[in-house]
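This report refers to the structure that appears directly beneath it.
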Amino acid sequence: YTTPHFTAWACGDTTEKVNHTFTYTPVTGKEVHIVGCSGCTYTGPEEIPHEFTNGVCVCTAKAVAKVEAGGTATCYTALETALGAAQSGSKVTLLASVELTSEVTIPSYVTFNGGEFTVSGEDLLNNGIITGGTFTATVTNWTGDITGGTFDTISYVMGAVSGQISFKTLDINGFTP
């Protein structure tokens, strides 16, 4: 959104004849944005964390995953960042479909739910608990549990696979039934 300002603001301009308007620019690869002013080309020096309303930040960044822990929910623009922030006992929920550009791991004791969304791209290693979602990326179940979801390929190493799941290919330690 934009807010005209006609008095001294962060940009320091006190000219009342110039219509200053706040701008918000997301910082690539970080969960922050920078505030600026279009009327005088001021750009703030500090990075401000995203604040999401209905999954969108004022800078137009979109949340793709939410981490819930201890009664607090924090949204992230990248699944990799969300899983990196998740601690034991956290729940990670997808808010949009994602394409992994590198191998990603669901940490131990973290519950992951893809809901109605799809995880595609590079491999997903599971050490946590997968309760749902659609996975076109290969899922390798290291020490985690899978209790729900639809999978193109599950490479089963250890852990439990139970509940309502469907898969095209299941490889159990080199044996495909």
When you look at Leu83 and Val92, which way does the side-chain contact (heavy atoms from CB on, under 4.5 Å) test go after all the steps? CA-CA 7 Å; Leu83 288 170; Val92 177; 4.0 Å; yes
Starting from Ile129, can I reach Phe135 by hopping between I/L/V/M/F/W/Y residues whose side chains sit under 4.5 Å apart?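 As far as the 4.5 Å side-chain criterion goes, Ile129 and Phe135 are not connected within one cluster.
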Does any pair with a residue in residues 76-86 pass salt bridge (Lys or Arg N to Asp or Glu O under 4.0 Å), and if so which ones, sequence neighbours excluded?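 Every candidate salt bridge (Lys or Arg N to Asp or Glu O under 4.0 Å) pair involving residues 76-86 fails, so no pair, neighbours aside, qualifies.
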Would you say that [X] contacts [Y] through its side chain, given a criterion of any heavy-atom pair below 4.5 Å between the two side chains?
| X | Y | answer |
| --- | --- | --- |
| Thr140 | Leu124 | no |
| Ile34 | Val27 | yes |
| Asn126 | Ile146 | yes |

With Phe151, the side chain to side chain contact (heavy atoms under 4.5 Å, CB included) member among Asn141, Thr136, Ile130: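 Only one option passes, and that is Ile130.
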Side-chain donor-acceptor pairs under 3.5 Å in residues 51-73, sequence neighbours left out?
none

Gap between atom [atom2] of [Y] and atom [atom1] of [X] - 0.5 Å precision:
| X | Y | atom1 | atom2 | result |
| --- | --- | --- | --- | --- |
| Leu100 | Leu79 | CG | CG | 6.0 Å |
| Glu99 | Thr101 | CD | OG1 | 8.0 Å |
| Asn127 | Trp142 | CG | CH2 | 8.5 Å |

Check salt bridge (charged side-chain N to carboxylate O under 4.0 Å, His left out) between Glu47 and all other residues, then give those that pass, not counting sequence neighbours.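 In terms of salt bridge (charged side-chain N to carboxylate O under 4.0 Å, His left out), with neighbours along the sequence ignored, Glu47 is linked to Lys30.
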Nearest atoms (heavy-atom pairs only) where His50 meets Pro26: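 The answer is CE1-CB, 4.3 Å.
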Where the side chain of Glu31 meets the backbone of Thr77, is there a donor-acceptor pair that is under 3.5 Å apart?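 Flag set: sc Glu31 to bb Thr77 pair under 3.5 Å.
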Check side chain to side chain donor-acceptor pair (under 3.5 Å) between Thr93 and all other residues, then give those that pass, not counting sequence neighbours.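 With sequence neighbours excluded, Thr93 shows a side chain to side chain donor-acceptor pair (under 3.5 Å) to no residue whatsoever.
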Going by atom type alone, with no hydrogens or angles, which donor-acceptor pairs under 3.5 Å involve a side-chain atom of residues 105-123 and a protein atom two or more places apart or on another chain?
| from | atom 1 | to | atom 2 | distance (Å) |
| --- | --- | --- | --- | --- |
| Asn113 | OD1 | Gly115 | N | 2.6 |
| Asn113 | ND2 | Thr131 | OG1 | 3.4 |
| Ser120 | OG | Val98 | O | 3.4 |

